[in-house]
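Have a look at the structure below, then the notes.
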Amino acid sequence: MTIPDEQEDQDVQIGQVNYRPSVLLRTLDRLASWFVDDRAYPNPDDKLRAKVFVLEHLFSPFLAFAIAAMLYFGADVTTTSLYLLVLGFSLFFAYPLAIKWGLSYRGVSISSLVQLSLLVFSSIYYFNGMQSFVIPWVAAIPVVGMLFIGVPGAILTCFLATLGLLTMLALHLSGHEFPQTVVAEWRSVAFILSASLCVIFISGIVLCHLSLYRLSQRRLQHELRRHQQTTARFRQARDAADKASLAKSRFLATASHEFRTPLTTIQAGIDLLLRYHDRIDENQRADYLHDVIHQVKTLTRMLDNLLLVGEEDETNIVFQPETMKLADVCQDMVRQMRLGAQKGDGLKISFSGDCKTAYMDEGIVRRILSNLLSNAIKYSPPQAEVSLAVARLGDMVLFRIDDHGEGIAESEVERIFERYYRVSGTQRVGGTGLGLSIVKAAVEAHHGTIRVDSRRGVGSSFIVNLPATSGEN
Ligand code: ADP
């Protein structure tokens, strides 16, 4: 499942359900978000209340103005009280800005609730007292209190509303005359209209609260999923790093062993030559010298590989093609291998096409061939046939190294190009697990490809394709 980052408030996918908030809801949410600073509301509930607060305070004054207009045109009202009502509700526009300017949300909402209560009760007083059409609005006070500050807000506003009603009742019972500003024939019309508007108002803000709640829940779940995905990615990266570090420690242990073995052989060979030079014949001397040369070559190759890996990755292989004597270089490689290897007698080379010269990087070609040929010999029985076929195919040169050695199991072929990876069971043969990772990097640096066909117990073929194009003549 993919979750698009930028569309989080447009289309949120949770499990199989695709949730798309309405355009109106999204617009309201954006409008409210402009006033509400995310950083000031780490708690999602507070943020939601702040948004509902903003929306209610942006829209309710218009409702109050509509009632004022109705009274102005349809009823005989005192203009002063009407102006006070309009002015009082106009002040509601200031509250969202107060939140935007960073005033405490709780303080702002409590003062807004107090002001709402005062407005409702002064309206009740001025517009016909206990028979006022404003009476249903008393119900709105605890509802908005609940939505703005939760249970404490509801308790506070219930208290204010009860206090106001009791005051009105006490005035009424003591025979106080309320200003009769709405004429008798308009009273029932005004009451029905006002009560309907009050129901619409309360339902509107409750609906708005629920919709925004739903939207923020979806966002939270979306964030949670993103968080889980990031954690999973982080875990994967950490596991990979752990694995790499383990492989590196293993490699260090193997490498020190690998260096010691040829050094011991070299030392023993030279010792023998020095001590018994007058007692050994020409052939034996040549054998000892071959052994020494072989071990020196092994050490040189290992050192070459190590130097590359010391740079942390093999991408520092620089591609510098020039016209090279391809056939001569390949023959030289094979000669060196034969000379160095104790069991390299079965090594054969063949050419097809024009392989005399090629526009290639000689260093890279030598690096690839030396690793692949030494592996082919290393993982084959003594004297087994190993062949290098070099073919010129247009702008490409194909190298194919075949052996009849132990082969590689299908399940492990994928991994042999990984750094430090050694096929299980080959531990008895010396190696560091670096050769093929370097071959792969070298092939890539030369913009070529490498493929391996191998069967356990039958043998392996490594096929390398390298371009040999521009500048050649
Ligand atoms: P190593 O230093 O172990 O030879 P490489 O990176 O050159 O490291 O090779 C990785 C592994 O691939 C080796 O450990 C070996 O098991 C396997 N492998 C490579 N070449 C051959 C081959 N020609 N025949 C059989 N196995 C091979």
Side-chain angles (χ1 to χ4, degrees), residues 243-244 246-262 294-295 297-310 313-315 317 333-334 337-338 340-349 364 366-389 399-445 450-464:
K243 246 166 123 179
L246 192 75
K248 223 170 189 167
S249 334
R250 259 198 227 131
F251 160 75
L252 279 179
T254 326
S256 49
H257 170 76
E258 289 302 308
F259 272 96
R260 208 175 288 275
T261 318
H294 167 65
Q295 298 301 349
K297 281 192 185 306
T298 309
L299 275 179
T300 315
R301 195 171 44 250
M302 277 167 58
L303 209 62
D304 272 358
N305 286 349
L306 268 181
L307 286 178
L308 267 184
V309 174
D313 65 63
E314 300 88 349
T315 46
I317 300 176
M333 292 300 305
V334 168
M337 285 291 150
R338 279 201 198 115
Q342 290 152 316
K343 49 178 190 175
D345 298 353
L347 189 52
K348 307 263 179 311
I349 183 164
I364 292 184
R366 280 182 183 273
R367 199 184 292 281
I368 294 171
L369 292 183
S370 79
N371 277 298
L372 291 181
L373 287 173
S374 73
N375 273 356
I377 297 169
K378 199 161 72 171
Y379 296 107
S380 298
Q383 271 75 51
E385 190 182 306
V386 171
S387 62
L388 164 64
F399 302 90
R400 184 184 173 112
I401 295 102
D402 291 300
D403 67 55
H404 302 283
E406 53 197 71
I408 306 157
E410 211 181 320
S411 56
E412 305 212 61
V413 169
E414 286 276 292
R415 302 200 57 194
I416 56 173
F417 293 100
E418 283 174 23
R419 253 185 184 200
Y420 311 127
Y421 186 79
R422 304 204 67 214
V423 171
S424 48
T426 49
Q427 272 72 11
R428 69 201 147 66
V429 185
T432 52
L434 286 177
L436 288 183
S437 73
I438 289 169
V439 167
K440 185 166 173 263
V443 169
E444 278 164 8
I450 182 163
R451 189 161 64 80
V452 51
D453 289 334
S454 188
R455 273 179 61 200
R456 193 99 183 110
V458 177
S460 314
S461 303
F462 285 82
I463 299 123
V464 176

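Reckoned from all heavy atoms, side chains included, excluding hydrogens, waters and symmetry mates. Note that ligands are numbered from 1 as they come in the structure, with each ligand's atoms numbered from 1 the same way.
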Taking a cutoff of less than 4.0 Å between a non-hydrogen atom of the residue and any ligand atom, is [X] in contact with ligand 1?
{"X": "K378", "value": "yes"}
{"X": "L434", "value": "yes"}
{"X": "G433", "value": "yes"}

Could you check [atom] against the protein and tell me its nearest heavy-atom contact, residue, atom and distance included?
{"atom": "atom 7 (O) of ligand 1", "value": "N375 ND2, 2.8 Å"}
{"atom": "atom 17 (C) of ligand 1", "value": "V423 CG2, 3.8 Å"}
{"atom": "atom 2 (O) of ligand 1", "value": "T432 N, 2.8 Å"}
{"atom": "atom 23 (N) of ligand 1", "value": "D403 OD2, 2.9 Å"}
{"atom": "atom 26 (N) of ligand 1", "value": "I408 CG1, 3.4 Å"}
{"atom": "atom 3 (O) of ligand 1", "value": "R422 NE, 2.5 Å"}
{"atom": "atom 12 (O) of ligand 1", "value": "I416 CG2, 3.5 Å"}

Between [atom1] of [X] and [atom2] of [Y], what distance do you get to the nearest 0.5 Å?
{"X": "K440", "Y": "I450", "atom1": "NZ", "atom2": "CD1", "result": "9.5 Å"}
{"X": "I349", "Y": "I401", "atom1": "CD1", "atom2": "CD1", "result": "9.5 Å"}
{"X": "I438", "Y": "I364", "atom1": "CD1", "atom2": "CD1", "result": "12.5 Å"}
{"X": "N371", "Y": "R366", "atom1": "CG", "atom2": "CZ", "result": "13.5 Å"}
{"X": "R455", "Y": "S461", "atom1": "CZ", "atom2": "OG", "result": "11.0 Å"}

Pick from Y379, F417, Y421: the one approaching atom 18 (N) of ligand 1 most closely through a non-hydrogen atom: Y379
Write down the atom of [X], the atom of [Y], and the distance for their closest heavy-atom approach.
{"X": "S454", "Y": "I408", "value": "OG-N, 2.8 Å"}
{"X": "L434", "Y": "Y420", "value": "CD2-CE2, 3.5 Å"}
{"X": "F417", "Y": "L436", "value": "CD2-O, 3.5 Å"}

Distance-only N or O hit between ligand 1 and F462, under 3.5 Å: no
Atoms of ligand 1 close to S460 [distance to a heavy atom under 4.0 angstrom, numbered from 1]: 22 (C), 24 (N), 25 (C)
Within reach of ligand 1, part of L436 (heavy-atom separation under 4.0 Å): both
Polar side-chain atom of R456 near backbone of G407 as donor-acceptor pair, under 3.5 Å: yes
